[in-house]
Participant: 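Could you have a look at this structure, given as structure tokens, before my questions?
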Amino acid sequence: MTRRKCSECGAGRAPDQRYCLKCGARLGSLPAAIAVQIDRARRFATGRIPAVKAPAAPAKKAEGGKKGWPFERSDFMPSPRAAAAAVIGMLALGVALGSATSEFAQSAGLGTILLEVPPPAPEEAPEPAAAEPEPEEFAEEATPSAAPPPIVEEAPLPEEPLPEEPAPELEIPEEEFTTGLPEVKHVFVVMLGENGYEETFGATSQSSFLKEELPAQGELLPNYFAVTGGELANQIALLSGQGPTPETTAGCPTFADVLPATESAAGQVEGNGCVYPATTKTLPGQLTEKDLSWRAYVEGIEAGAATGQATSCRHPLLGTPDPSHVATAADPYLTWRNPFVYFHAIVDSPECAKADVGLPQLTADLKLKAEKFPALAYIVADACHKGGEVPCDPSQPAGPAATEEFLKTVVGQIKESLAYKDGGMIVITSAQARQGGEKPDPRSCCIAPAYPNLPPAPEEAVTGPVRETGGGGQVGLLLISPFVEPGTTSETYFNHFSLLATIEELFGLEKLGYAAEPAITGFDESIFNASS
């Protein structure tokens, strides 16, 4: 059998040999698949798309009419030069596509490398292979290998400025809401009885201690008013924001429930009686819900032991007359001076026996560490020390002079305690001014609500903050605290609802009843006027 020869160098080769062993030339035409890819790459780079199909390879016949020798030659494998050209073309295409589509190519500061691919020379149509007289002498022309296109690197493009992004909005944290109130931790309310401002702290006072010495220790609020008639009704208002009933203004001679006890839209319990339902909210209940403690120190309550009565949380049986409605020298305790036992939410709770206690307990508690002392200490003077026109015994003084020794002892003990030194505030006031005798004082200030359980007050012309009727008179208030400047006076108008609102604000509580009225203002930074 005659050996075939390489068309490049003339070296001999076997019939099924794909490459020349001497020069490495491809022995046969480029496969159609590779030809199509290279053609598409060239046309894409030069903009001539679509690429034309590669011409089909001519059929070859072996002698005797059989296909191939001894099989049909595969045109899949390219020559080395053709393969190199294909790889370079594909790389050029990838770089071009990446430069055109990459987001980084659009960013300023990045130079772009472009590959310039020269347009290919016009391809000549392949000439059909000439038929040879003898199949073994059939010679194939090797496809000439194209030189790789030159890679031209362009100079980096000038950097384009980045588009200006809007400056991010500066998030300014909202200012923390502040009430302007100091960090009061312990409030000591010292409740006297039926004393007007003038006879207690004013020019007509018979007590130099009340008139001069006590005011020198704190801030005096002369325009402070009771909100209704009746000591019990005023203290109930201070603890709950509730208005009076006919029975609370009379001191509740019969210990009976308020009925029908319907609640108005303003949160007022409507009806007759004096013991409020368990659903009525109170300042002590608010403190308990916030894990703060309270305690009422009621002078004389412990005297019940002599008559077989309770020595704490002392009150009559429901629906019966009050045996402690009138005080005696042997038992100066007055039930209507203890407002805590007029709320079912308190009196029906086991807490009442522990929290509504006698005055001697105050002496013991004031020796405790500050964190152990209650947030609210409500101190009630008995019938012998509350002041007023009627003494508990003919041998005892009447009026504010009756409170002098009581206040000296109590205020002195409080000021020496750790609880007072750790954010303490002492409040000294009277439940109401005198409502009988020669000069009764039924005036009111700040608001004049139409109490739903009382007959409507007569209409009158109002020219200022004070009305001539509808209240419990001008009682005044003395504030002693590290947060106030000693020896100062404020002429601002307040009442018992204002004091309730202030205590609730100090401890972050919801305002109850009439304390929530928009016209009611609590003590602010003008009252807490200490320089440091």
Side-chain angles (χ1 to χ4, degrees), residues 225-290 318-319 336 339-349 431-432 435 442-460 462 465 467-473 493-505 507-522:
F225 285 72
V227 296
T228 187
E231 292 186 42
L232 174 61
N234 278 285
Q235 293 191 81
I236 286 176
L238 178 55
L239 290 182
S240 65
Q242 292 292 323
T245 67
E247 289 73 21
T248 58
T249 58
C252 193
T254 299
F255 196 73
D257 287 335
V258 176
L259 295 174
T262 55
E263 187 171 324
S264 69
Q268 294 296 305
V269 178
E270 299 181 358
N272 294 324
C274 50
V275 184
Y276 285 80
T279 55
T280 304
K281 294 183 178 181
T282 65
L283 175 59
Q286 289 181 299
L287 292 171
T288 301
E289 289 177 359
K290 201 167 182 179
L318 193 64
W336 47 268
F340 294 86
V341 298
Y342 292 88
F343 296 95
H344 275 292
I346 297 175
V347 76
D348 295 345
S349 169
Q432 67 173 2
Q435 299 300 300
R443 292 179 298 164
S444 63
C445 92
C446 312
I447 60 171
Y451 293 126
N453 299 322
L454 296 183
E459 293 291 335
E460 62 178 83
V462 180
R467 295 171 59 100
E468 294 300 319
T469 59
Y493 287 83
F494 298 107
N495 63 16
H496 288 325
F497 294 134
S498 302
L499 179 55
L500 172 59
T502 299
I503 297 173
E504 289 171 326
E505 287 180 356
F507 294 116
L509 308 174
E510 176 190 3
K511 294 181 181 179
L512 299 178
Y514 287 116
E517 288 290 321
I520 292 297
T521 57

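In this text the structure is predicted, and so the values were computed from the model without any measurement. The analysis underlying the following values was restricted to heavy atoms, covering all of them including side chains, and did not include hydrogens, waters or symmetry mates.
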Participant: Taking all atoms of both residues into account, what is the closest heavy-atom pair of T249 and T228, and its distance?
Facilitator: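 Nearest heavy atoms, T249 then T228: CG2-OG1, 4.4 Å.
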Participant: So which heavy atom on P339 is nearest to which on L239, and how close?
Facilitator: CG-CD1, 3.6 Å
Participant: Would you call the rings of Y514 and Y451 parallel, tilted or perpendicular, where under 30° means parallel and over 60° means perpendicular?
Facilitator: perpendicular
Participant: Measuring from N272:CG to T248:OG1, what's the distance to the nearest 0.5 Å?
Facilitator: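 Spacing of CG (N272) from OG1 (T248) equals 10.0 Å.
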Participant: Quick check for you: to the nearest 0.5 Å, what is the distance between L512 atom CG and Q268 atom CD?
Facilitator: 10.0 Å
Participant: Only pairs at least two apart or in different chains count here, so list each ring-ring contact (aromatic ring centres under 6.0 Å, His included) that has a residue in residues 256-285.
Facilitator: Y276-F343
Participant: Taking 4.0 angstrom as the limit, do E517 and K511 come out as a salt bridge?
Facilitator: no
Participant: If you look at every heavy atom in C446 and A519, which pair is closest and at what distance?
Facilitator: O-CB, 4.0 Å
Participant: So, T469 and E460: side-chain donor and acceptor under 3.5 Å apart, yes or no?
Facilitator: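 Yes, side-chain donor-acceptor contact under 3.5 Å.
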Participant: Is it the case that the side chain of H496 and the backbone of A431 share a donor-acceptor pair, with hydrogens and angles ignored and the cut-off at 3.5 Å?
Facilitator: yes
Participant: Identify, with sequence neighbours excluded, every residue that meets side-chain contact (heavy atoms from CB on, under 4.5 Å) alongside L318.
Facilitator: F255, D257, V275, H344
Participant: Please find the pair of heavy atoms, one from E504 and one from A515, that lie closest to each other, and give the distance.
Facilitator: OE1-CB, 4.0 Å
Participant: I'd like to know if the side chain of S349 and the backbone of A345 have a donor-acceptor N/O pair within less than 3.5 Å.
Facilitator: no
Participant: Which atom pair, heavy atoms only, marks the closest approach of L500 to A237?
Facilitator: CD2-O, 3.7 Å
